[in-house]
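Read through the structure below, which is laid out as structure tokens, and then see the notes.
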Amino acid sequence: MGVVVAMDGPSGAGKSSTSRAIAVRAGWNYLDTGALYRAVTWLALEKNLESAQDIILALKRDPIRFVSNPLDPQVFAGDTQITHAIRGSSVTENVSRISAMPEIRHELFDIQRSIIDRSEKGIVVEGRDIATVVAPDAALKIFLTADLDARAQRREIETLDKDVDVRSSLDSRDIADSTREASPFVMAADSVQIDSTLLSIEETIERIWELLRQRSLLGLPIVAILGRPNVGKSTLINRFIGRREAIVEDTPGVTRDRIQYECEWGGRRFIVMDTGGWEAKPDGISIQVSAGAEIAMDEADVLAFVVDAQVGALDEDEILVQRLRKAKKPLILIGNKVDGDREESEAHGLWSLGLGEPHFVSALHGRGSGDLLDRIVAELPEVGGAQTQDGYRKVALIGRPNVGKSSLLNALAGEKRSIVDEVAGTTRDPVDELIEFGGSTWRFIDTAGLKKRANQASGTDYYASLRTQSALERCEVAVVVLDASEPITEQDLRVITMVEEAGKAMVIVMNKWDLVDEDRRDQLDREVDRHLDQVEWAQRVNVAAKTGWHRDRLAPAIRTALDSWERRVPTAKLNSFLGALIGATPPPVRGGKQPKIYYATQAGIAPPKFVVFSSGWIEASYRRFIERRLREEFGFPGTPVQVAIRVKERD
Ligand code: DC
């Protein structure tokens, strides 16, 4: 089974067109569950059946089939194609009644599950109870809404039968569907709500695509690093991933497993696959491409061939070069060990390999590596082959020692925890755990780091902070644990600043609340006012991990924070807000000139980033003022918000 995206919401909100477009773009399947309910209704009307038993019997004779191709979805009852027939008004009038029958829902549940389970890369499933009942563990849940008027207008355009009152039909259907006994139509707690009233279909699709990409559900593209031993593949990979300790020695003649590392450059994440070298046959003359390199070439989206530019390509490279010439994948030729201009001019011989323009780098000293990464990122496809993500939200539990992080983890998890490995291939020991609480499964990053170490040696502080840093890099939301019974320390504040700087969502847990008395509470209020002023936006949850008190408050706080973290404000709304803001309080005059503010756009999510375009330099205090008012207007509890000013020359 691939990635499952659940698309719930009332009729006419644009579920179908959006779901289909997403599925087409990602190369996934598509399931319209409303069509299944309509098909059953069609069958009941056709055969004049009233009771659920009779309808189910008829279903055995004429099973419902759905062709899950998003370009041309089709519905059959037995051998009869009813794709269009199910859109007629008699089906529409009766579908709520039929879909309220528990036996019918049960029957269709199995059909829906089997279509979902059979999907290979991914599937977008549209309906009203997908996120809550049919696929509660979907990787992304969208709840698409729109005002009733907007929905009625969209449906009217689609409806064939012009005398029906679309608005009241929609409205009464919504009421019937929401109030029925069997799976009433409600929004799941972990759904992302998108109100499409003000959005075009393209904007709605873009918004969902952004979420899929942000959560790595499109699969990360894979870049295979190929080349003989000793050409500097490992050093190059170290350059790419920006850390040193993850690499193992590249031993000639030893075929290692393909090892994968996650990289990020220019906001794009991708996988770098280290392939090992290849071995000489016993006679030492003809050379065979290793099995590892073969598989890597099949799996990868981009091939990078590394040659030692000081040596050039050897005869041994020939078989691989032939293979690469024929590969129908983007190919990047890398001449390594080029430390200066002189070496570069000597290295131009690599053109003769017929693999296109060589890119010269010094993996060791970094020369040219930024340009090379730009080039690699430019070749990455939108949808990659690596399915590394499971869609569970990634939480880092951090804080200075002894604040009760592991007790909190235990209080949250109870028995419901299972260990999962970290990103494949690293030689360090971080371990993630899947933990279930508050109605969702969460991925807790590097829980091994929470264990108390005996005999902590000097220097551990440094390693602890390194570990926190890497957990922060991988997480989406940080739960920062403080000991409420003791004064807030420098170290606590440092952890909080790290979260802010990493741009992650944050929830602050005030742990050991059972030890907080009246006096301490007053003191704490003062400390919070003084020290946590700058992260006023972070929600604080008071918890006593030891007794479990308030542990149920954490899941809602985390969800709110993630929701803010991924929120996008529609451009029209943003600019009407900004217009009013500048009208009331224009930016301060500087050097006799009043800078003009043209417009703003939300450049990204996770965290929300806004760019304001102006004619001149804007003071930092005014930028902070914009940020504060943005928060007041749109509310971003639990997430940092970045506001940048770009000075734009008049054109
Ligand atoms: O989305 P639609 O209008 O084609 O859906 C037709 C009806 O089917 C709708 O009134 C509610 C019902 N339905 C349901 O109960 N559960 C689903 N998963 C999908 C649709």
Side-chain angles (χ1 to χ4, degrees), residues 4-20 30-45 52 55 59 64 66 68 70 73-75 77 82-116 123-136 138 141-146 148 150-161 164-188 191 196:
V4 180
V5 174
M7 181 82 74
D8 292 24
S11 321
K15 289 195 302 282
S16 299
S17 350
T18 312
S19 303
R20 287 178 60 185
Y30 160 71
L31 170 60
D32 172 8
T33 61
L36 302 179
Y37 286 97
R38 286 172 179 272
V40 176
T41 307
W42 178 89
L43 196 65
L45 293 174
I55 298 174
L59 276 174
I64 305 286
F66 187 83
S68 58
Q74 294 174 12
V75 196
I82 52 172
T83 310
H84 298 291
I86 61 169
R87 303 288 159 193
S89 57
S90 57
V91 170
T92 303
E93 275 157 26
N94 287 283
V95 64
S96 277
R97 180 173 56 86
I98 302 283
S99 61
M101 298 176 172
E103 302 88 341
I104 299 287
R105 300 200 74 79
H106 185 264
E107 197 70 17
L108 285 188
F109 178 88
D110 294 340
I111 301 179
Q112 297 171 63
R113 271 319 311 186
S114 80
I115 295 176
I116 294 170
I123 186 165
V124 183
V125 189
E126 151 195 0
R128 307 186 168 215
D129 60 344
I130 306 307
T132 47
V133 178
V134 179
K141 301 177 177 180
I142 301 291
F143 191 86
L144 194 62
T145 59
L148 181 59
R151 293 191 282 121
Q153 207 183 2
R154 290 174 196 170
R155 264 295 145 96
E156 222 150 90
I157 299 169
E158 288 170 15
T159 312
L160 308 169
D161 203 340
V164 234
D165 178 356
V166 176
R167 192 177 190 282
S168 63
S169 151
L170 272 183
D171 197 24
S172 56
R173 215 140 51 85
D174 286 346
I175 294 170
D177 295 342
S178 319
T179 51
R180 70 184 175 214
E181 291 260 316
S183 323
F185 162 50
V186 286
M187 180 171 133
S191 285
S196 72

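When a ligand or atom number is given, it counts from 1 through the structure's own listing order. Side chains included, hydrogens not; waters and symmetry mates left out as well; all remaining heavy atoms used.
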Using the rule given for side-chain contact (heavy atoms from CB on, under 4.5 Å), can you reason through Val124 versus Thr18, listing the C-alpha separation, both sets of side-chain angles and the distance that settles it, and then say yes or no?
CA-CA 10 Å; Val124 183; Thr18 312; over 6 Å; no
the protein heavy atom lying closest to atom 16 (N) of ligand 1 turns out to be Arg105 NH2, 3.0 Å
Please test Arg38 against Thr92 for side-chain contact (heavy atoms from CB on, under 4.5 Å), starting from the C-alpha separation and ending with a verdict.
CA-CA 7 Å; Arg38 286 172 179 272; Thr92 303; 3.1 Å; yes
Against heavy atoms of Asp177, which atoms of ligand 1 measure under 4.0 Å?
9 (C), 10 (O), 11 (C)
More than 12 non-hydrogen atoms from neighbouring residues, nucleotides or ligands closer than 6.0 Å to CD on Glu103, yes or no?
yes
Non-hydrogen atoms of Arg97 versus ligand 1: any pair closer than 4.0 Å?
no
Where ligand 1 meets Thr33 - atom numbers and elements under 4.0 angstrom, heavy-atom basis
17 (C), 18 (N), 19 (C)
Is Arg180 in contact with ligand 1, taking contact as a heavy-atom separation below 4.0 Å?
yes
Which of the atoms of ligand 1 are close to Arg38, meaning less than 4.0 Å from one of its heavy atoms?
2 (P), 3 (O), 4 (O), 6 (C)
Minimum heavy-atom separation for Arg87 and Ala35, please, with both atom names.
NH2-CB, 4.0 Å
Show me which atoms of ligand 1 lie under 4.0 Å from any heavy atom of Arg87.
4 (O)
Could you report the tightest heavy-atom contact between Leu144 and Pro10, atom names first, then the distance?
O-CD, 3.3 Å
Arg128: which residues meet the side-chain hydrogen bond (donor to acceptor under 3.5 Å, both in side chains) condition with it, sequence neighbours left out?
Ser11, Asp177
Which bit of Arg173 is near ligand 1, meaning a heavy atom under 4.0 Å away: side chain, backbone, both or neither?
side chain
I'd like to check which ligand 1 atoms, numbered from 1 as shown, lie under 4.0 Å from a non-hydrogen atom of Ser96.
10 (O)
Closest non-hydrogen protein atom to atom 7 (C) of ligand 1, residue and atom name please, with distance?
Val95 CG2, 3.5 Å
What residue and atom, counting heavy atoms only, is the protein's closest point to atom 13 (N) of ligand 1, and at what distance?
Tyr37 CD1, 3.7 Å
Which heavy atom of Gly12 sits nearest a heavy atom of Arg154, and at what distance?
O-CD, 3.6 Å
As an exercise, identify every atom of ligand 1 less than 4.0 angstrom from a heavy atom of Ser11.
3 (O)
the protein heavy atom lying closest to atom 20 (C) of ligand 1 turns out to be Gly34 CA, 3.5 Å
Let me see the working for Glu126 and Ser16 under side-chain contact (heavy atoms from CB on, under 4.5 Å), right down to the final yes or no.
CA-CA 7 Å; Glu126 151 195 0; Ser16 299; 2.9 Å; yes
Hey, does Arg105 have a side-chain heavy atom less than 4.5 Å from the side chain of Asp129?
yes
A student checking ligand 1 against Asp129 at a 4.0 Å heavy-atom cut-off should list atoms 16 (N), 17 (C), 18 (N)
Atoms of ligand 1, numbered as shown, that sit under 4.0 Å from any heavy atom of Ser99
12 (C), 15 (O)
Main-chain N/O of Thr145 paired to Ser196 side chain as donor or acceptor, under 3.5 Å
yes
